[in-house]
Amino acid sequence: MITRFAPSPTGPLHLGHAYSALLAHDMAMAEGGEFLLRIEDIDQSRARPEWEDQISADLGWLGLWWPTPVMRQSDRLGVYQERLQNLWKRQYLFSCDCSRRDVQEAASAPQEGAAPLVGPDGVVYPGTCRENRAFAIGADVPTDTALRLWMDRAANMAGEIHEDGKMLSFVETGSGPNDETGLITFSAAEVIKTIGDVVLARRDMGTSYHLSVVLDDAAQGVTHVVRGADLFEATKIHVILQRLFRLPTPIYHHHRLIRDEDGKRLAKRDDARAISKYRAEGATPNDIRRLVGLPEA
Ligand code: GLU
């Protein structure tokens, strides 16, 4: 078993991150497996080396160990670009210049004031730029615009590529936000409607969380992805990408989110629950384990 913790170095590690990392670590150790750390720093406008150092220090203090050097997404932009080129040539992508506001407005228009459909990646794309699907055979993927996955083609092809025929699926050993567990199946039609044409390359980054996470989990041989239940729906996007790239689908273990007293999930800016703060106040690693409901080490 290979698990990983994949933080973005854009703020302090808080109790929710500690829970995710400890759980991924404990699961791997219980099976004599390996726990990896990966730094998800594609958003270079927000990532800071100081946060990365702080994250490593906090994880080390919690008693976690991981092999070095760690994988850093900012070192892999060439890999992402090469995979985008591959998808572009296979006609799964289209360029898109819509702003967030354009998307919001176009998605609201037909419903006359009704709230637009929101998927794991925000408002479901209303298809404005889909007509840009003018694929010049042999042309290079554009790098000066955002690229969206043409979900209709991608989800239908992903269903066919797999031996099961049209059924898309993954195995969940934790649970989704509505207690989904076990073999999770979903159809291409559902994904087209509820998720839509997600951005696979942001203009300012040349990649996206979805593309990078899928390629990196595969490159690191991750067998069990342990992460918060807020990413359960996004897993459907990841399964489709795995099929298109003919990569194995790992087992997924989505866990409950750690919430504050008001029931709100913890955010990066929630310094009150930063691990460094507990450390400064004299807490022990086992105190943190107790706080998040994990057995002591
Ligand atoms: N960098 C992502 C986050 O911090 C990781 C998500 C994942 O584990 O797939 O939310």
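In each ligand, atom 1 is the first atom listed, and ligand 1 is the first ligand listed.
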Which ligand 1 atoms are under 4.0 Å away from a heavy-atom of [X]?
X: L231; result: 6 (C), 7 (C)
X: E40; result: 1 (N), 2 (C), 5 (C)
X: V213; result: 9 (O)
X: Y209; result: 6 (C), 7 (C), 9 (O)

Point to revise | Pi-cation contact, Y19 with R256 (under 6.0 Å, within 45°) | key: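 Output yes; distance and angle both within limits.
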Practice item. Please confirm whether R4 comes under 4.0 Å of ligand 1, counting heavy atoms of the residue only. Key: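 Flag set, R4 near ligand 1.
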Exercise for review: Consider every N or O of V225 and every N or O of ligand 1, then say whether any pair is closer than 3.5 Å.
Suggested key: no
Output side-chain donor-acceptor pairs under 3.5 Å for residues 222-232, partner residues at least two apart or in another chain, one line each.
residue: T223; atom: OG1; partner: I2; partner atom: N; Å: 2.8
residue: T223; atom: OG1; partner: I2; partner atom: O; Å: 3.3
residue: R227; atom: NE; partner: H254; partner atom: NE2; Å: 3.2
residue: R227; atom: NH1; partner: Y209; partner atom: OH; Å: 3.1
residue: R227; atom: NH2; partner: T235; partner atom: OG1; Å: 2.8
residue: R227; atom: NH2; partner: H238; partner atom: ND1; Å: 3.2
residue: D230; atom: OD2; partner: R265; partner atom: NH1; Å: 3.2
residue: D230; atom: OD2; partner: R265; partner atom: NH2; Å: 3.2

Revision key, fill the gap. Residues 180-192 vs salt bridge (Lys or Arg N to Asp or Glu O under 4.0 Å), sequence neighbours excluded, gives E190-K236
Point to revise | Side chains of Q91 and R153, donor plus acceptor under 3.5 Å | key: no
Exercise for review: Output yes when a side-chain donor or acceptor of R148 lies under 3.5 Å from a complementary backbone atom of F94, and no otherwise.
Suggested key: no
